[in-house]
Amino acid sequence: IEPFAGSGIDGDPFIIDTGAKFDAIFGANADSDFIEGNHVWAVTQDITLPASYRPSQLVFKGTLTGWDLGTSSAKKVKIDIGNATERTAYTYATNASGSSQNTVVGGVFNTIGVATVSDLELHGSLTIGNIAAFAGGFIGSTRGGDKPVVKNIDNYITVNSECTYTGGIFGHFYRGT
């Protein structure tokens, strides 16, 4: 996938080294292959997301990790969402069959499915009115039945929300590790 270094697999992840690249991969206008392609993505240095960043409405499937290029191993890196105040809630299927739906909004991801997310330190603030059922500083919700793995995450995102369910990392964590 151009213009990202790496091949998107374990041991040779696609490299994310700027907020603009993160936005191109996971933002509202991202290609579905980026988000749903089960690729391995590595954030290799601290980044700040652009003020215009809006998470994609697609369900993230793949791996996102903090990464040290020198040692080719996990390393905690910072993602700063800034002072996020404008997010768009969207309706998503809370299960794989689509028989149940809800509204969600997240600071970095709206929804994750079969995914592994690790070794990240999150900073910034998220202010959301009463626009969704679930609001999360990092992830709005996990999709039911997909059992994502989220580990080694430090959250310093302040969330101010009028949504029904609100959390610092997740607005709703259906099931996973």
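- Within the 4.5 Å cutoff, side-chain heavy atoms of H39 are placed close to those of D33.
- In terms of heavy-atom proximity, A30 sits nearest to A24 at CB-O, 3.4 Å.
- Closest non-hydrogen pair, S7 versus D12, comes out as OG-OD2, 2.7 Å.
- In plain terms, the two heavy atoms of S52 and D23 that are nearest each other are OG-OD2, 4.4 Å.
- Between G66 and V77, the shortest heavy-atom distance links the atoms CA-CG2, 3.6 Å.
- Identified under the ring pair (Phe, Tyr, Trp, His ring centres under 6.0 Å) test for residues 54-79, with sequence neighbours left out: F26-F60, F60-F109.
- Cluster membership for V159 and I128, using ILVMFWY side-chain heavy atoms within less than 4.5 angstrom, is shared.
- Residue pairs that meet the salt bridge (Lys or Arg N to Asp or Glu O under 4.0 Å) test with at least one member in residues 110-132, sequence neighbours left out, do not exist here.
- Listed by chain and number, the residues in a side chain to side chain donor-acceptor pair (under 3.5 Å) with S161 are T166 (sequence neighbours excluded).
- Here the closest heavy-atom approach between residue V59 and residue I112 is recorded as CG1-C, 3.6 Å.
- Here the side chains of I81 and I157 are in contact, with some heavy-atom distance below 4.5 Å.
- No donor-acceptor distance shorter than 3.5 angstrom exists from the side chain of E36 to the backbone of K61, with no hydrogens or angles considered.
- T44 places none of its side-chain heavy atoms less than 4.5 Å from the side chain of I16.
- No side-chain N or O of S73 forms a donor-acceptor pair with one of D68 less than 3.5 Å apart.
- Side-chain contact between F34 and W41 is present, with heavy atoms from C-beta onward closer than 4.5 Å.
- Two residues are said to be in side-chain contact when any heavy atoms from C-beta on lie closer than 4.5 Å; T103 and F134 fail this criterion.
- The stretch residues 152-173 participates, sequence neighbours left out, in these salt bridge (Lys or Arg N to Asp or Glu O under 4.0 Å) pairs: K76-D154.
- Cluster partners of Y156: none. The rule joins Ile, Leu, Val, Met, Phe, Trp and Tyr whenever side-chain heavy atoms lie under 4.5 Å apart, and it links nothing here.
- In this structure, a donor-acceptor pair under 3.5 Å is present between the side chains of S118 and T65.
- Not counting sequence neighbours, the partners of D80 by the side chain to side chain contact (heavy atoms under 4.5 Å, CB included) test are T48, H123.
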